[in-house]
**Q** 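I'd like to ask you about the structure that follows.
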Amino acid sequence: QVQLVESGGGLVQAGGSLGLSCAASGRAFSNYAMAWFRQAPGKEREFVAGISWSGGATYYADSVKGRFAISRDNAKKTVYLQMNSLKPEDTAVYYCAATGMLLPTSSTREYFYWGQGTQVTVSS
């Protein structure tokens, strides 16, 4: 069993930066690939970024590539999302998620554990 708790959301102006954290509890965190998803009002939850169990491989949605960076610290059982050059269209609730696979996927159906979400609002 893994429990995930996100933090770090907030309100920021366009062009600004925010860093999100996702703290995990439970054993075997380092065995799970992790990802960040987001969901804007009236839209489906979408993949933002993913990281392999070791942190050696990262994946990004085209919409955030070059602006966002995902990382993890297995000793601290934490995954991070650094968001730079934020745009109003990045406004959403951001969720971290864990999958039992070693590599992340973009499908929500592959993730067994989810955090409660943290709101990110980017003003224009």
**Q** What residues form a side-chain hydrogen bond (donor to acceptor under 3.5 Å, both in side chains) with Glu110, not counting sequence neighbours?
**A** none

**Q** If you look at every heavy atom in Ala40 and Ala92, which pair is closest and at what distance?
**A**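 Where Ala40 meets Ala92 most closely, the heavy atoms are N-CB, 3.8 Å.
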
**Q** Under 3.5 Å, which donor-acceptor pairs do the side chains of residues 74-85 form with other protein atoms, sequence neighbours left out?
**A**
| from | atom 1 | to | atom 2 | distance (Å) |
| --- | --- | --- | --- | --- |
| Asn74 | OD1 | Arg72 | NE | 2.7 |
| Asn74 | OD1 | Arg72 | NH2 | 3.2 |
| Asn74 | ND2 | Trp53 | O | 3.1 |
| Lys77 | NZ | Gly26 | O | 2.8 |
| Thr78 | OG1 | Lys76 | O | 2.9 |
| Gln82 | NE2 | Asn84 | OD1 | 3.0 |
| Asn84 | OD1 | Ser17 | OG | 2.9 |

**Q** For Val120 versus Leu20, what's the shortest heavy-atom pair and its separation?
**A** CG2-CD2, 4.1 Å

**Q** With distance as the sole test, does Tyr32 use its side chain to make a donor-acceptor pair with the main-chain N or O of Ala97 at under 3.5 Å?
**A**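 Looks like no, no N/O pair under 3.5 Å.
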
**Q** State, to 0.1 Å, how close Val12 and Leu18 come at their nearest heavy-atom pair, and which atoms those are.
**A**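 Val12 and Leu18 have their closest heavy atoms at CG1-CD1, 4.0 Å.
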
**Q** List the residues meeting salt bridge (Lys or Arg N to Asp or Glu O under 4.0 Å) with Glu46, not counting sequence neighbours, and say none if there are none.
**A** Arg38

**Q** I need the Ser54 OG to Leu102 CG distance, nearest 0.5 Å.
**A** 8.5 Å

**Q** What is the minimum heavy-atom distance between Gly56 and Ser52, and which atoms define it?
**A**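 The pair with the smallest heavy-atom distance is N-OG, 3.2 Å.
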
**Q** CD/Gln13 to OG/Ser123 distance, rounded to the nearest 0.5 angstrom?
**A** 5.0 Å

**Q** At their closest point, which heavy atom of Ser124 faces which heavy atom of Ala14, and how far apart are they?
**A**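 Here Ser124 and Ala14 meet closest at CA-CB, 4.3 Å.
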
**Q** Can you sort out the partners of Thr121 under side-chain hydrogen bond (donor to acceptor under 3.5 Å, both in side chains), two or more places apart, ordered by chain and number?
**A**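 In terms of side-chain hydrogen bond (donor to acceptor under 3.5 Å, both in side chains), with neighbours along the sequence ignored, Thr121 is linked to Gln119.
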
**Q** Please list, chain by chain and in numerical order, all residues satisfying salt bridge (Lys or Arg N to Asp or Glu O under 4.0 Å) with Lys65, sequence neighbours excluded.
**A**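 Partners of Lys65 by the salt bridge (Lys or Arg N to Asp or Glu O under 4.0 Å) criterion, ordered by chain and then number, come out as Asp62.
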
**Q** Ile51 versus Trp36: any side-chain heavy-atom pair under 4.5 Å?
**A** no

**Q** To the closest 0.5 Å, what do you measure between OH (Tyr113) and OG (Ser25)?
**A** 10.5 Å

**Q** Considering only Ile, Leu, Val, Met, Phe, Trp and Tyr, and joining two whenever side-chain heavy atoms are under 4.5 Å apart, list the other residues clustered with Val93.
**A** Phe37, Phe47, Tyr59, Tyr95, Leu103, Tyr111, Trp114

**Q** For Gln116 and Val5, indicate whether the former's side chain and the latter's backbone hold a donor-acceptor pair under 3.5 Å.
**A**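 Judged by distance alone, no pair lies under 3.5 Å.
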
**Q** Hey, could you give me the CD/OG1 distance between Glu44 and Thr108, rounded to the nearest 0.5 Å?
**A** 8.5 Å

**Q** Taking all non-hydrogen atoms of both residues, which atom of Ala98 and which atom of Met34 are closest, and how far apart?
**A** CB-SD, 3.4 Å

